[in-house]
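Reviewing the structure listed below.
Just so it is clear: chains get the letters A, B, ... in the order the sequence lines come, proteins before strands, and each one is counted from 1.
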Amino acid sequence: MRLAILGAGDVGRSVADLAGEYGHDVVALADSTTATVDPGGIDIDGALERKVGGDALGSSDHDAVFESDYDVLVEATPTTLDDAEPGFSHVKRALEADRHVVLANKGPVAERYEELRALEADSAGSIRFEATVGGAIPVLSTIEDSTPQAVTAVRGVLNGTANFILTRMAAEGLDYEHVLAEAQDLGVAEADPTFDVDGTDAALKFVILANVLADGGFALEDATVEGIQSIPGSALDLAAEDGRTIRLIGEATRDGVRVGPRLVPENGALAVTGTRNIVQIETRNAGSLHSSGRGAGGPETATAVLSDVGRLPPL
Amino acid sequence: MDARKQEVTAMVDKPAEEDAETDGGVRAYTVRLELVDEPGELLRTLEPIADNGGNLLSIHHERGNITPRGHIPVEVDLECPPERFDGIVDALRDAGVNVIQAGAEHYGEEVNVVLVGDLVENDLSDTLSRIEGEASAVVRDLSLSAPDGTEAVSSARIRLAIDSGRSDAALEAIRSIGSDKELTVVEPLLGGEA
Ligand SMILES: NC(=O)c1ccc[n+]([C@@H]2O[C@H](COP(=O)([O-])OP(=O)(O)OC[C@H]3O[C@@H](n4cnc5c(N)ncnc54)[C@H](OP(=O)(O)O)[C@@H]3O)[C@@H](O)[C@H]2O)c1
């Protein structure tokens with residue numbers, strides 16, 4: 001497939017870097033200001049070097065991506081809430097041109113799922129978005145394989161930053177503020193970790209899961225969300241007295257979405273440590289399935305994007 | 001305490017089925033009660049059981065525990081014809097006995113919840129009695145951690161006994177008490193194999 005990649009951050013760059021390994025060509029790559037376009041395949045190494053070195057990515061206007069000769073638009077621009085712009089318009093434009101879209105950007109799928117599906121229905125192209133939930137972990141494809149109707153609930157840990165903080169607090173008996181500062185030093189938490197610690201990031205992923213289970217109907221505002229900021233070390237100590245610990249757990253069913261700190265058995269499957277993520281898919285006929293792995297990171301997320309590309313039908 | 005224990009033993013030894021009209025098989029049941037810590041209370045409580053055709057099998061004070069409200073949890077095993085059981089529970093309730101759980105299963109669900117916030121300043125004992133009242137749960141024990149003193153944010157873990165199948169409703173009630181009192185409620189994850 002010929003890929004046009006929107007966004008040259010950790011994810012976009014890794015997709016460009018790994019596309020060849022998966023047998024795909026990159027015909028366009030854009031960041032927020034410029035683009036590089038070449039129907040015969042762009043010079044990926046050169047483009048990435050310029051980007052990382054702080055130079056302009058390319059010489060074309062970033063809109064030129066849409067004029068290029070691509071089969072799949074990879075949407076890897078920043079996740080935005082509410083109207084999910086400009087991501088939503090990017091997807092719309094590609095579907096209206098009868099192209100496929102693979103999203104890493106959670107905004108459009110969480111906030112405007114039904115509109116996306118309606119656009120898809122009128123298009124020769126399809127949308128896929130495995131990378132939006134759980135990074136490298138195959139979550140959506142597992143649900144697709146089990147058929148969404150047979151899945152009754154999805155629970156788990158889908159934010160590595162919050163999980164890292166809770167793990168360290170429990171292990172070291174330290175307070176939230178202290179561990180957050182440490183996580184920022186280690187690069188595990190961003191300078192502004194708000195969406196990770198207040199549950200928004202995890203909630204977006206569970207909203208996407210609820211949309212997949214129920215075929216739409218959910219947006220972030222429908223989720224009940226609580227973060228981990230108010231959990232003191234003493235709460236983790238008390239939980240440990242009873243063989244439990246606290247994790248930021250999300251739950252998605254056809255009835256709703258909930259994210260918040262919950263007590264789970266200390267040695268149970270959901271109590272993953274560090275930045276690891278885990279999902280538990282509860283099925284009607286086959287019990288629970290668990291998969292865990294790296295929920296974020298450029299190359300990890302890029303593998304999910306490229307697996308999606310591989311699942312698309314030819315146009 | 002000793003004197004009362006003897007009274008109880010005496011009652012248990014009395015063949016209670018004498019005046020019970022059994023018209024079929026009998027079944028064993030466990031009834032969990034909460035008693036006020038007053039002399040004679042246990043004996044008073046047990047009377048309606050025998051009076052209504054139940055046969056006492058055993059009585060135990062749960063580990064000599066006292067609930068945070070100062071009540072004594074007591075578990076009574078009895079046997080009676082199934083059609084009599086509801087009558088016994090009604091009679092206990094009519095006699096003013098706080099029946100926490102009644103059924104063939106020995107235990108309902110046991111659930112841990114951690115509360116975080118200005119627990120002490122927000123009247124912890126009121127929080128607990130609201131939980132017992134509104135969530136129809138029994139607080140079986142409580143462990144409080146206030147590393148920075150009781151004026152500051154503290155945490156409490158409470159272990160609750162809840163009737164089987166009532167956990168979701170109970171947790172919902174606790175959530176709303178929590179939001180009333182500005183407490184963070186860390187609930188267990190029920191459902192699924194956590
Ligand atoms: N990182 C992960 O582990 C991960 C995992 C799952 C999903 N995601 C999602 O994947 C997306 C990308 O993540 P990331 O970590 O790569 O983000 P990032 O490092 O912040 O990069 C975002 C990229 O998008 C570009 N961009 C911004 N507005 C644009 C526009 N209007 N048109 C074209 N490009 C635009 C930015 O351009 P400039 O370089 O010019 O600023 C930047 O190159 C996000 O939606 C994120 O939520 C990320």
Side-chain angles (χ1 to χ4, degrees), chain A residues 151-157 166 169 173-177 199 224 226-253 255 258-272 278-283 287-290, chain B residues 68 109-122 124 127-128 137 139-162 167-172 174-194:
Chain A
V151 173
T152 45
V154 183
R155 305 187 177 85
V157 172
L166 291 171
M169 284 173 69
L174 296 169
D175 256 319
Y176 171 78
E177 303 295 339
T224 306
E226 244 184 278
I228 61 165
Q229 307 97 309
S230 58
I231 304 295
S234 60
L236 284 146
D237 292 345
L238 289 175
E241 271 179 18
D242 190 49
R244 269 146 232 271
T245 191
I246 299 175
R247 289 290 183 262
L248 183 66
I249 302 280
E251 286 182 275
T253 65
D255 300 323
R258 212 178 136 192
V259 172
R262 306 289 282 270
L263 289 166
V264 293
E266 212 166 12
N267 299 314
L270 293 187
V272 286
I278 183 159
V279 287
Q280 175 195 66
I281 297 174
E282 185 185 276
T283 67
S288 287
L289 310 170
H290 289 93
Chain B
E109 291 166 32
E110 213 174 64
V111 156
N112 276 280
V113 172
V114 173
L115 303 178
V116 179
D118 295 325
L119 289 169
V120 180
E121 234 157 59
N122 264 320
L124 184 55
T127 305
L128 297 177
V139 177
R140 304 192 85 187
D141 66 35
L142 169 128
S143 150
L144 183 71
S145 172
D148 304 316
T150 53
E151 312 273 277
V153 167
S154 51
S155 306
R157 178 173 59 83
I158 52 180
R159 194 156 57 90
L160 298 166
I162 299 173
S167 295
D168 283 335
L171 289 171
E172 199 177 311
I174 295 170
R175 271 205 296 282
S176 91
I177 296 168
S179 71
D180 269 10
K181 300 198 116 194
E182 292 178 17
L183 303 174
T184 300
V185 179
V186 183
E187 293 170 47
L189 182 69
L190 305 176
E193 303 146 27

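The heavy-atom pair separating A/Arg262 from B/Pro188 by the smallest distance is NH2-O, 3.3 Å. Here the closest non-hydrogen pair linking A/Ser230 and B/Thr184 is OG-OG1, 3.2 Å.
At a threshold of 4.5 Å between non-hydrogen side-chain atoms, the residues A/Glu251 and B/Leu189 count as touching. Residues A/Pro232 and B/Val116 meet the side-chain proximity criterion, which asks for heavy atoms closer than 4.5 Å.
Interatomic distance, A/Leu236 CG to B/Ser155 OG, rounded to the nearest 0.5 Å: 8.5 Å. Interatomic distance, CG of B/Leu142 versus CG of A/Leu238, reported as 9.0 Å (0.5 Å rounding).
Looking at B/Pro147, only its side chain comes within 4.5 Å of chain A, counting heavy atoms on both sides. Only the side chain of B/Val153 comes within less than 4.5 Å of a heavy atom of chain A; its backbone N, CA, C and O stay farther away. The part of A/Arg244 that comes within reach of chain B is its side chain, from C-beta onward, which places non-hydrogen atoms under 4.5 angstrom from that chain.
Comparing A/Asp242, A/Thr152, A/Asp237, A/Ile249 by how many heavy-atom pairs each has under 4.5 Å with chain B, the most go to A/Asp242.
Ion pairing between a basic and an acidic side chain is recognised when a charged N comes within 4.0 Å of a carboxylate O; A/Arg258 and B/Glu187 show such pairing.
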